[in-house]
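Residue numbering restarts at 1 for every chain, and letters A, B, ... go by the order of the sequence lines.
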2 protein chains.
Amino acid sequence: MVDTDIFKALADPTRRRVFEKLAGGSLNASALRDGLEISQPAISQHLAVLRAAGLVREQRQGRFVNYEVDPDGIASIGTWLARYRAYWPKRIEALSDLLKDMDQ
Amino acid sequence: MVDTDIFKALADPTRRRVFEKLAGGSLNASALRDGLEISQPAISQHLAVLRAAGLVREQRQGRFVNYEVDPDGIASIGTWLARYRAYWPKRIEALSDLLKDMDQ
DNA sequence: CCAACACATAAGCATATACTAATGTGTTGT
DNA sequence: ACAACACATTAGTATATGCTTATGTGTTGG
């Protein structure tokens, strides 16, 4: 199940920290590791999980591997969340609109 | 961490099935169990997890306990997802708008 | 009041998960 | 060619998780 992989991937705090770093743009594995007190294999494994879930995608750049947010993963969560739109409080839509404006 | 509890709760397929049943309105524990091949304690434990995550809330109704979606949980996911709005594909917004219309 | 009901909690167990240490793979500069 | 680098993979281990069985708690009808 796709959703299961996604939610499992995001259930880990370290993986969410990694993923949130990517919200600002693409980064390589070492850059993603910076600041986190975690071994190199651990980051690599976390990135594999995020990738398998469709949340990130990678691109070799010489001996670096650049990671970035995969819109497909975000889309899956959005689609899932949309089923509960009836329960969205007003403030969420307000926030959403605000961020939309900030994008410009 | 609040987000951790929410994503962990949703990482289980059975719990998502239960939660999705509640998208249509409030139901008691037995009704939520119907159709799922799972023991009574299992449902009870799943509901405890969803409740601890802030995804559902309960209300005693005689000897039944009614569960319903807790908007706070949905709001948390929405807030989290909003950080990635830049990566939302167009179709998500389209779907979102469609569902909005269907609510009327 | 007490038996049946609706649900929760406790204890025990099998499996999944996140980690580390060790090793493997691919790339680059010299 | 080869040493250093960036990253991935493997194996092993401690802990977390989801399940079942057994039992507890609160509620209701007769």
Side-chain angles (χ1 to χ4, degrees), chain A residues 1-22 24-70 73, chain B residues 1-22 24-70 73:
Chain A
M1 225 170 294
V2 169
D3 286 343
T4 298
D5 291 341
I6 290 181
F7 286 124
K8 273 190 182 181
L10 295 174
D12 183 83
T14 303
R15 263 188 314 257
R16 276 205 316 286
R17 289 190 65 186
V18 169
F19 189 66
E20 282 163 28
K21 278 192 172 189
L22 292 175
S26 98
L27 289 170
N28 62 49
S30 296
L32 288 169
R33 189 183 167 201
D34 287 346
L36 308 182
E37 295 192 356
I38 199 175
S39 67
Q40 178 268 317
I43 273 283
S44 188
Q45 288 160 7
H46 281 312
L47 287 168
V49 171
L50 289 169
R51 192 192 176 289
L55 284 165
V56 306
R57 54 191 182 194
E58 54 188 276
Q59 198 175 5
R60 263 237 168 230
Q61 210 90 306
R63 46 181 177 177
F64 296 84
V65 178
N66 270 57
Y67 288 89
E68 62 181 0
V69 171
D70 187 339
Chain B
M1 228 170 292
V2 169
D3 286 343
T4 298
D5 290 340
I6 289 181
F7 286 124
K8 273 192 181 180
L10 294 173
D12 183 83
T14 303
R15 259 181 324 250
R16 276 205 315 284
R17 289 189 65 185
V18 169
F19 189 66
E20 282 163 27
K21 278 193 173 189
L22 292 176
S26 97
L27 289 170
N28 62 48
S30 297
L32 287 170
R33 190 183 166 200
D34 287 346
L36 308 182
E37 295 192 354
I38 200 175
S39 67
Q40 178 268 317
I43 273 284
S44 189
Q45 287 161 9
H46 282 312
L47 288 168
V49 171
L50 288 169
R51 192 190 177 290
L55 284 165
V56 306
R57 53 190 184 193
E58 54 186 277
Q59 198 174 5
R60 262 235 168 232
Q61 211 90 306
R63 46 181 176 177
F64 296 85
V65 176
N66 270 56
Y67 287 90
E68 63 181 0
V69 171
D70 186 337

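Whole-Å rounding puts the B:D5 CG to D:dT17 C1' distance at 14 Å. Rounding to whole angstrom units, CG of residue A:L36 and P of C:dC19 are separated by 10 Å. Atom pair A:F64:CZ and C:dG26:C1' shows a separation of 13 Å (rounding to whole Å applied). For the pair A:Q40 CD and D:dT10 C1', the interatomic distance rounds to 13 Å; values are reported in whole Å. When rounded to the nearest whole Å, the span between CZ of B:R33 and C1' of D:dC19 equals 13 Å. For the pair B:Q59 CD and C:dA6 C1', the computed distance is 16 Å after rounding to whole Å. In this entry the distance linking CG of A:L32 with P of D:dA8 reads 10 Å, nearest Å. To the nearest angstrom, P of D:dT27 lies 12 Å from CZ of B:R63.
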Taking it one step at a time, do B:Y67 and B:Q59 satisfy side chain to side chain contact (heavy atoms under 4.5 Å, CB included)? CA-CA 7 Å; B:Y67 287 90; B:Q59 198 174 5; over 6 Å; no
Can B:T14 and B:H46 be said to form a side chain to side chain contact (heavy atoms under 4.5 Å, CB included), step by step? CA-CA 8 Å; B:T14 303; B:H46 282 312; 3.9 Å; yes
Set out, in order, the CA-CA distance, both residues' side-chain angles and the distance that settles side chain to side chain contact (heavy atoms under 4.5 Å, CB included) for A:F19 and A:L55, then state yes or no. CA-CA 8 Å; A:F19 189 66; A:L55 284 165; 3.8 Å; yes
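Each of A:G62 and A:T14 was matched to the nucleotide of DNA chain C holding its nearest heavy atom; the match closer to the 5' end belongs to A:T14. Residues A:R60 and A:E37 each lie close to DNA chain C; by heavy-atom proximity, the contact nearer the 5' end of the strand is made by A:E37.
Remark: B:Y67 is not in phosphate contact with C:dA6, judged by side-chain N or O atoms under 4.0 Å from OP1 or OP2. Within the structure, a side-chain polar atom (N or O) of B:S39 is placed less than 4.0 Å from OP1 or OP2 of D:dT20.
The backbone N or O of A:D34 sits less than 3.5 Å from a side-chain atom of A:K21, completing a donor-acceptor pair.
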Is there any protein nitrogen or oxygen under 3.5 Å from a nitrogen or oxygen in nucleotides 15-17 of chain C, and what are the pairs?
residue, atom, partner, partner atom, Å
C:dT17, OP1, A:K8, NZ, 2.6

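Side-chain contact, B:R33 with B:S39: no donor N or O sits under 3.5 Å from an acceptor N or O.
Shown for residues 44-55 of chain A: residues whose heavy atoms fall under 4.0 angstrom of DNA chain C, namely A:Q45, A:H46.
With sequence neighbours excluded, the residues satisfying salt bridge (Lys or Arg N to Asp or Glu O under 4.0 Å) with A:R51 are A:E58.
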